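Reading through the structure tokens given below for one structure.
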Amino acid sequence: MRALVAGAAVPPGFDAADLSATAHALLHKRAGEVAHRFPLLAHACGPDFTARFLEWARTRPKTTTAQDAAAFANDIGIPLPRRKWRQRSR
């Protein structure tokens, strides 16, 4: 599992190319989740958001999407945009 999500060495008996492709796909999915839930963060990074996020996430296991976004934003020095919630009155 660590080889898939945290950049650890490929365990014996596993195909390195298959594991690499799967790990890459999971990183892209993770970047997409962050971009979807925190579009202002993705926008603040510009067109290279995915590349920057993949580089950052390559050796960091996922916790939650919100924690990923906060840690990524903090590490690259971008304040995490906060959502404004409106209370609905009934």
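Because the structure is predicted, anything quoted here is derived from the model rather than measured.
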Any Lys/Arg nitrogen of Arg52 or Asp75 sitting under 4.0 Å from an Asp/Glu carboxylate oxygen of the other? no

Interatomic spacing from CD in Glu55 to CG in Leu27 - rounded to 0.5 Å: 10.0 Å

To the nearest 0.5 Å, how far apart are CZ in Phe72 and SG in Cys45? 4.0 Å

Results of side chain to side chain contact (heavy atoms under 4.5 Å, CB included) for Glu33 - residues two or more places apart only: Lys29, Lys62, Thr65

Cut-off 3.5 Å, no hydrogens considered: what does the side-chain donor-acceptor table look like for residues 13-24, sequence neighbours left out?
unit_1 : atom_1 : unit_2 : atom_2 : d
Asp15  : OD1    : Ala17  : N      : 3.1
Asp15  : OD1    : Asp18  : N      : 2.7
Thr22  : OG1    : Asp18  : O      : 3.0
His24  : NE2    : His28  : NE2    : 3.0

Hey, quick one: are Ile76 and Leu54 part of the same hydrophobic cluster, counting side-chain heavy atoms closer than 4.5 Å, chains of contacts allowed? no

Excluding sequence neighbours, so at least two apart, what forms side chain to side chain contact (heavy atoms under 4.5 Å, CB included) with Asn74? none

So which atom in Leu41 and which in Ala69 form the shortest heavy-atom distance, rounded to 0.1 Å? CD2-O, 3.7 Å

Quick one: list whatever passes salt bridge (charged side-chain N to carboxylate O under 4.0 Å, His left out) with Arg30, sequence neighbours left out. Asp68

Shortest non-hydrogen separation from Ala35 to Phe49 and the atoms involved: CB-CE2, 3.6 Å

List for me each residue that meets side-chain hydrogen bond (donor to acceptor under 3.5 Å, both in side chains) alongside Thr64, sequence neighbours excluded, and say none if there are none. none

